[in-house]
Colleague: 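Mind looking over this structure? Questions follow.
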Amino acid sequence: MKAVRFVGVGHPPEIVDVPVPAPGPGEVLVKIGGAGVCHSDLHVMDEELGLKGPFTLGHENAGWIAKRGDGVRGWKEGDPVAVYGPWGCGHCHTCQTSAENYCENHASMPSLGGGLGSDGGMADYLLVPSPRLLVPLGKLDPVMAAPLSDAALTPYHAIKMALPLLTPDTTVVAIGIGGLGHMAVQLLQALTPAQLIAGDIDDSKLAHARELGVKHAVNTRDGKAAAEAIRKITGPRGAVLALDFVGVQPTIDLCTHIVGRGSRMTVVGLGGGTIHYSANNPPYGCQVTIPYWGSRTELMEVIALAEQGRIRAEVEQFPLEQAVDVYQRLRDGKIRGRAVLVP
Ligand code: NAD
Ligand code: ZN
Ligand code: ZN
């Protein structure tokens, strides 16, 4: 089968022939319907993140059960599934709560998951090490559902932790309206009564946010002007939550200037920025959080929201063979919503 492989830092991915894996005892082979193209893969290819290639990319996967290894029960061939992406040890306290994204034994695990150290889903088939990592998709189409497992799950987890702050008299700001951000603005509108402001440096992404129902969209290219524009909307209270889906120095600095006292600032993007602290900046009482992905039960909650039609990933579909070009388009900011590779 064809697979999109990470071959080393500084190199574009390569599309090569690899054997179809055979599921051993307790493993499940999933036929891929769609594999989402996440900006994190660009970080993997650009920076020394400790992930050693070669391995098949694709950590945002959905498809159908193709073959069950010995001892796998409770699923049948053809069942549509989302693959839960962060693969933990499965038995520590945190994994037992389904939050394998925070596995206590992550340092001794062979990889972060499929597509992040182990072979991922940008291929015809993905070998999943345990059926516990599968979540039923119900009636959802795997191509449309693939982004739910990361582009929606990650902001869902970040937002859910902050829900008690998001009362009707507050403002939340989401910065970076790409794959994660376009799901975040839908999730915020589905889950909270807070006023919402979207920020991006690309006017077409701001237009996308408006199409998704966001009333206030602010271009953040000039950080000082953006902070003033946002402060004008929030009033003296500032934002109670700033979600940064970019994580570069300008967006982190912007967040520290727009959140109010007693607020929360959440950095999701892995852009390499640093949070500096000096008295009252970020403001007193501000919690800084750095969430990673989400739990498996949260993925079930996200899938329920999609089944109810309250969130929907905007998907640009491409054949697997175009992967190199698609990553370049993502790098150039030319993808609207999420690109999904379809083998
Ligand atoms: P994306 O490329 O789809 O979207 C990024 C968006 O940010 C685009 O709309 C772009 O125009 C905008 N942007 C870029 N630079 C900006 C700036 N300086 N100011 C404002 N907006 C800017 O990326 P994505 O797949 O949504 O991923 C976003 C980030 O989240 C990446 O860094 C990715 O690695 C990270 N990520 C983190 C987690 C986690 O668990 N922490 C999970 C998934 C992705
Ligand atoms: Zn990702
Ligand atoms: Zn664990």
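First listed ligand is number 1; within each ligand, the first listed atom is number 1. One is the number of the first residue; the rest follow in order along the sequence.
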Colleague: Looking only at protein heavy atoms, identify the closest one to atom 2 (O) of ligand 1 and say how far it is in Å.
Modeller: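 Here the nearest protein heavy atom works out to H39 ND1, 2.7 Å.
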Colleague: Tell me the contacting part of R221 for ligand 1: side chain, backbone, both, or neither, using a 4.0 Å heavy-atom threshold, strictly below.
Modeller: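 For R221, no heavy atom sits under 4.0 Å from ligand 1.
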Colleague: In D150, what N, O or S atom is nearest to the Zn ion (ligand 2), if we give its atom name?
Modeller: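 Closest N, O or S atom of D150 to the Zn ion (ligand 2): OD2.
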Colleague: For L163, I'd like to know if atom CG has over 12 heavy atoms of other residues, nucleotides or ligands within 6.0 Å.
Modeller: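 Counting neighbours around CG of L163, more than 12 heavy atoms of other residues, nucleotides or ligands fall under 6.0 Å, so yes.
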Colleague: To the closest 0.5 Å, what do you measure between OG1 (T56) and CG (D119)?
Modeller: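 The OG1 atom of T56 sits 4.0 Å away from the CG atom of D119.
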Colleague: Look at D17 together with K2 and state whether they make a salt bridge at an N to O cut-off of under 4.0 Å.
Modeller: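 Looking at K2 together with D17, the answer is yes, because their closest N to O distance falls below 4.0 Å.
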Colleague: Quick one: angle C103 SG - the Zn ion (ligand 3) - C95 SG, to the nearest 10°?
Modeller: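 Result: 100°, to 10°.
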Colleague: At less than 4.0 angstrom from any non-hydrogen atom of L330, what atoms of ligand 1 do you find?
Modeller: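 Matching atoms, with element in brackets: 2 (O), 3 (O).
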Colleague: Of all the heavy atoms in H157, does at least one lie under 4.0 Å from an atom in ligand 1?
Modeller: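 It does not, in that no heavy atom of H157 comes within the 4.0 Å cut-off of ligand 1.
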Colleague: Side chain, backbone, both or neither: which applies to P291 and ligand 1 if a contact is any heavy-atom pair less than 4.0 Å apart?
Modeller: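 P291 to ligand 1: backbone contact only, side chain stays beyond 4.0 Å.
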Colleague: Can you name the atoms of ligand 1, numbered from 1 with element, that are less than 4.0 Å from a heavy atom of G269?
Modeller: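 Under 4.0 Å from G269, ligand 1 has these atoms: 29 (C), 30 (O), 32 (O), 35 (C).
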Colleague: To the nearest 0.1 Å, how far is atom 13 (N) of ligand 1 from its closest protein heavy atom, and which atom is that?
Modeller: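 For atom 13 (N) of ligand 1, the nearest protein heavy atom is V246 CG2, 3.8 Å.
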Colleague: Evaluate T251 for polar contact with ligand 1, using N/O atom pairs at a separation under 3.5 Å.
Modeller: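 In fact, backbone or side chain, T251 has no N or O that close.
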Colleague: Can an N, O or S atom be found in C38 less than 2.8 Å away from the Zn ion (ligand 2)?
Modeller: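 It does; at least one qualifying atom falls short of 2.8 Å.
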Colleague: W293 heavy atoms, cut-off 4.0 Å: which ligand 1 atoms fall inside?
Modeller: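 Matching atoms, with element in brackets: 39 (C), 40 (O).
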Colleague: Please could you name the atoms of ligand 1 that D150 approaches to less than 4.0 Å, counting only its heavy atoms?
Modeller: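 Listed by number with element: 42 (C), 43 (C).
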Colleague: Does only the side chain of I177 get under 4.0 Å from ligand 1, or the backbone, or both, or neither? Count heavy atoms.
Modeller: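 It is the backbone that touches ligand 1; the side chain stays farther off.
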Colleague: Heavy-atom distances under 4.0 Å are what count here, so tell me which part of I290 touches ligand 1: side chain, backbone, both or neither.
Modeller: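 The answer is neither; I290 stays 4.0 Å or more away.
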Colleague: Sort out for me which residue in V342, V143, N61 forms a side-chain contact (heavy atoms from CB on, under 4.5 Å) with I32.
Modeller: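 Passing option: N61.
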Colleague: Is the Zn ion (ligand 3) under 2.8 Å from any N, O or S atom of H93?
Modeller: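 Under 2.8 Å: H93 has no N, O or S contact with the Zn ion (ligand 3).
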Colleague: Relative to the heavy atoms of S40, which atoms of ligand 1 are at a distance of less than 4.0 Å?
Modeller: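 Those of ligand 1 that fall under 4.0 Å from S40 are 33 (C), 34 (O), 35 (C), 36 (N), 43 (C), 44 (C).
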Colleague: Does only the side chain of L180 get under 4.0 Å from ligand 1, or the backbone, or both, or neither? Count heavy atoms.
Modeller: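 For L180, backbone and side-chain atoms both sit under 4.0 Å from ligand 1.
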Colleague: Would you mind checking which non-hydrogen protein atom is closest to atom 25 (O) of ligand 1, with the distance to 0.1 Å?
Modeller: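 Nearest protein contact, heavy atoms only, for atom 25 (O) of ligand 1 is R338 NH1, 2.6 Å.
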Colleague: How close does the nearest protein non-hydrogen atom get to atom 8 (C) of ligand 1, and which residue and atom is it?
Modeller: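 Heavy-atom neighbour on the protein nearest atom 8 (C) of ligand 1: D200 OD2, 3.6 Å.
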Colleague: How close does the nearest protein non-hydrogen atom get to atom 18 (N) of ligand 1, and which residue and atom is it?
Modeller: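 Nearest neighbour among protein heavy atoms for atom 18 (N) of ligand 1, to 0.1 Å: V248 CG2, 3.7 Å.
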Colleague: Any non-hydrogen side-chain atom of P291 less than 4.5 Å from a side-chain atom of T154?
Modeller: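 A side-chain contact is absent here, since even the closest heavy-atom pair is not under 4.5 Å.
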Colleague: Any N/O/S atom, backbone or side chain, of H106 lying under 2.8 Å from the Zn ion (ligand 3)?
Modeller: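 So H106 does not count as coordinating the Zn ion (ligand 3).
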Colleague: Within 45 degrees of the axis of the six-membered ring of Y84 and under 6.0 Å from its centre: does R296 put its NZ or CZ there?
Modeller: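 Relative to the ring axis of Y84, which defines the angle, R296 lies inside both limits.
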Colleague: Counting non-hydrogen protein atoms only, what is the nearest one to atom 28 (C) of ligand 1? Give residue, atom name and distance.
Modeller: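 Checking every protein heavy atom, the shortest distance to atom 28 (C) of ligand 1 gives F245 O, 3.1 Å.
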Colleague: Measure up the H157 and Y102 rings against each other and bin them: parallel (under 30°), tilted (30 to 60°), perpendicular (over 60°).
Modeller: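 The arrangement is tilted - the two ring planes meet at 30° to 60°.
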